[in-house]
Protein chains: 2
Amino acid sequence: MAHPKPIAPPRIPCQHCPLRRRQTFRDFNSEELAFVSRFKIAEMLAEPGMSIIVEGEQNPSLYTVLSGWGFRHKILEDGRRQILNYVLPGDMIGLQGNVMAEMQHSVEALTRVTLCTFEREKFHTLFRDHPSLAFDITWIASREESMLDEHLLSVGRRSARERAAYLLAFLDTRSRAAMEGNTGDHQLPLTQQHVADTLGLSLVHTNKTLRKLIDGGLIRWRDRGTQVIDQEGLYRVAGWRPPAESERPFI
Amino acid sequence: MAHPKPIAPPRIPCQHCPLRRRQTFRDFNSEELAFVSRFKIAEMLAEPGMSIIVEGEQNPSLYTVLSGWGFRHKILEDGRRQILNYVLPGDMIGLQGNVMAEMQHSVEALTRVTLCTFEREKFHTLFRDHPSLAFDITWIASREESMLDEHLLSVGRRSARERAAYLLAFLDTRSRAAMEGNTGDHQLPLTQQHVADTLGLSLVHTNKTLRKLIDGGLIRWRDRGTQVIDQEGLYRVAGWRPPAESERPFI
DNA sequence: CGTCCGTTTGAAGTAGTTCAATTCGAGTGG
DNA sequence: CCACTCGAATTGAACTACTTCAAACGGACG
């Protein structure tokens, strides 16, 4: 699983970054934009199944996802895998390795992923000269923590059915916010193995649990492409509702 | 479960903060120290069982734990509870509510806890004028995330026995680092109900699992006070080892 | 001395795992 | 166009790790 490869130019200038236009994301002021433009080095491409970051890595690049899906995970020595969270457009990757000694988890591409790479050396400059962006980074870290809290609650205390409903509702909601525009057939690019490794369940039981959600008309399942049909229904089953999220920072 | 109450003065001046002296924590330079001294408002005291912060709170205080144990948790509507992590001396509480709209979890005191309170209004000043401290806050958030990742792996993929061993080894290690000096009888102030709610297990099964660890000579259990006897043994059972942690920032 | 909280134990039940095949569709080479 | 392969989903059946119910025990404390 090699690292992502650089895309040939033309690279997108930050002024025209597609994410900025989406109303989910807060816009930069001109001063911030000027800095971020210099902060950005290149674009990278990761194909499905490629590792974007590997646990133990010492000085990983710092990325923001421009398009596509990935997931963060950890693996035990005997191969048991736990998916910790998913990364979608606007999410940062590699922050941990830029703040602490080394990465404690891996990140893998689920679909084809395009990434914005930043210059590690300028990371301290960001904190020194751009407090509003530094605050945004803390905001982003805090949001990640709150998602993890909810996942831990889910894996620790919800039943298989509740967990599955929660996960799909959660991902569908995030995906709709981050992708924006794709209102039509809105697919989650997961296999049942991914779902199982996220929920902490076996593949077989995950299959049987999902089947019930399918038969109940809550979701549709095609190969590597789930659709949520009845979002409200999933919320009800999960006993969960997405937190109101207003405009959100990204870098 | 009311809020923590202010302690009568004398309050400890930051110059003489007991945490600063411990080698686990990095020291401030004089400029940082001057700011933190103005940032600090008061000390608070929370008795065992008291809520320090409640989910949904909009503008919680920002605290650092000076002494004692607490835990972060979430509760489902029907009462199922998941403990997310524990807070020990040097840990921040309430950061989430200062960055995002509202707190997504609660914090409760496990033992008597003393807290340092900061002035919320100066939080932005910290980012503006003290980038090194802003960086520390990101560091702290990032460390919290990495602990949560490991817990999620544990709850999702480890067996009951492995989970229990992991949790006790984890807490013992953190506690030794944060308490420092208390080398003798080093107790973890948990009930089996806390352990159960952390591991995502029932109380009964937790009891039976702990009993095996006790009978195996790995730990000792007194009422509300566990002792780790064979740390190395727990590491082996858990298939886990604490990450090397050098000096660590705190505020 | 009684009460309360935390721990302990046994027994019955069930949600989830593991093992073992089978199906299905898409892609590949002949 | 067909035979082959391969990853993903599906299904049944046996097993077991964990839950739930129910009761009792022990120590601390007023």
Side-chain angles (χ1 to χ4, degrees), chain A residues 1 47-50 71 76 78-83 108-111 154-168 187-216 219-227 237, chain B residues 47-49 71 76 78-83 108 110-111 154-165 167-168 187-216 219-227 237:
Chain A
M1 296 295 179
E47 296 293 342
M50 276 177 69
F71 61 92
L76 293 173
D78 62 0
R80 283 175 288 177
R81 177 176 78 167
Q82 179 65 38
I83 294 182
E108 183 177 321
L110 201 51
T111 65
S154 203
V155 173
R157 287 305 184 202
R158 283 192 244 249
S159 70
R161 184 177 159 82
E162 291 168 332
R163 271 183 242 185
Y166 159 70
L167 176 64
L168 297 174
Q187 308 239 337
L188 312 180
L190 309 171
T191 67
Q192 299 193 351
Q193 186 65 64
H194 292 119
V195 175
D197 287 347
T198 310
L199 302 184
L201 297 171
S202 72
L203 179 58
V204 172
H205 194 62
T206 298
N207 177 279
K208 285 168 183 164
T209 304
L210 288 173
R211 183 115 295 279
K212 284 174 196 159
L213 294 181
I214 297 166
D215 294 343
I219 59 170
R220 190 169 304 154
W221 197 278
R222 308 193 207 139
D223 211 58
R224 266 180 170 285
T226 321
Q227 272 184 55
V237 172
Chain B
E47 296 293 341
F71 61 91
L76 292 173
D78 63 0
R80 284 174 288 178
R81 177 176 79 167
Q82 179 66 37
I83 294 182
E108 185 177 319
L110 200 51
T111 64
S154 202
V155 173
R157 288 305 185 203
R158 284 193 244 249
S159 70
R161 183 177 161 81
E162 292 168 330
R163 270 183 244 185
L167 176 64
L168 297 174
Q187 307 239 338
L188 313 180
L190 308 172
T191 67
Q192 298 194 352
Q193 186 65 64
H194 292 119
V195 175
D197 287 348
T198 310
L199 302 184
L201 297 172
S202 71
L203 179 59
V204 173
H205 195 63
T206 299
N207 178 279
K208 286 168 182 165
T209 305
L210 288 175
R211 185 115 293 279
K212 284 174 196 161
L213 295 181
I214 296 166
D215 294 343
I219 59 170
R220 189 171 303 155
W221 196 277
R222 308 192 207 139
D223 212 55
R224 266 181 172 283
T226 320
Q227 273 185 54
V237 172

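Per chain, numbering begins at 1; letters A, B, ... match sequence-line order.
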* Asked: Does A:Arg163 have any salt bridge (charged side-chain N to carboxylate O under 4.0 Å, His left out) partners at least two apart in sequence or in another chain, and if so, which?
  -> none

* To the nearest 0.5 angstrom, please state how far the NE2 atom of B:His205 sits from the CG atom of B:Leu210. => 10.0 Å

* Contacting residues from residues 204-214 of chain A, given that a heavy atom lies under 4.0 angstrom of DNA chain C -> A:Val204, A:His205

* Structure fact -> So the contacted stretch of DNA chain D, first to last nucleotide with an atom under 4.0 Å from a non-hydrogen atom of chain B, runs from D:dC18 to D:dC21

* Under the salt bridge (charged side-chain N to carboxylate O under 4.0 Å, His left out) test, residues paired with A:Arg157 that sit two or more places apart -> B:Asp197

* Just call it for B:Gly225: base, sugar-phosphate, or nothing, with non-hydrogen atoms closer than 4.0 Å on any strand. => nothing

* What is the distance from atom CG of A:Leu199 to atom OG1 of A:Thr209, rounded to the nearest 0.5 Å? -> 8.0 Å

* To do: Looking at every strand, decide which applies to A:Leu203 at a 4.0 Å heavy-atom threshold: base, sugar-phosphate, or nothing.
  => nothing

* **Heavy-atom pair with the smallest gap, counting every atom of B:Trp221 and B:Ile214** => CB-CD1, 3.6 Å

* What is the 5' to 3' range of DNA chain C, first to last nucleotide, that sits under 4.0 Å from any heavy atom of chain B? -> C:dG6 to C:dA11

* Asked: NA contact type, B:Thr191, heavy-atom cut-off 4.0 Å: base, sugar-phosphate, or nothing?
  -> sugar-phosphate

* **Bend angle of the helix from C:dC1-D:dG30 to C:dG30-D:dC1, end axes from five pairs each (to 10°)** => 30°

* Got a second to check how far B:Leu203's CG is from B:Lys208's NZ, nearest 0.5 Å? -> 10.5 Å

* Asked: Between A:Trp221 and A:Arg157, which is nearer to the 5' end of DNA chain D once each is assigned its nearest nucleotide?
  -> A:Trp221

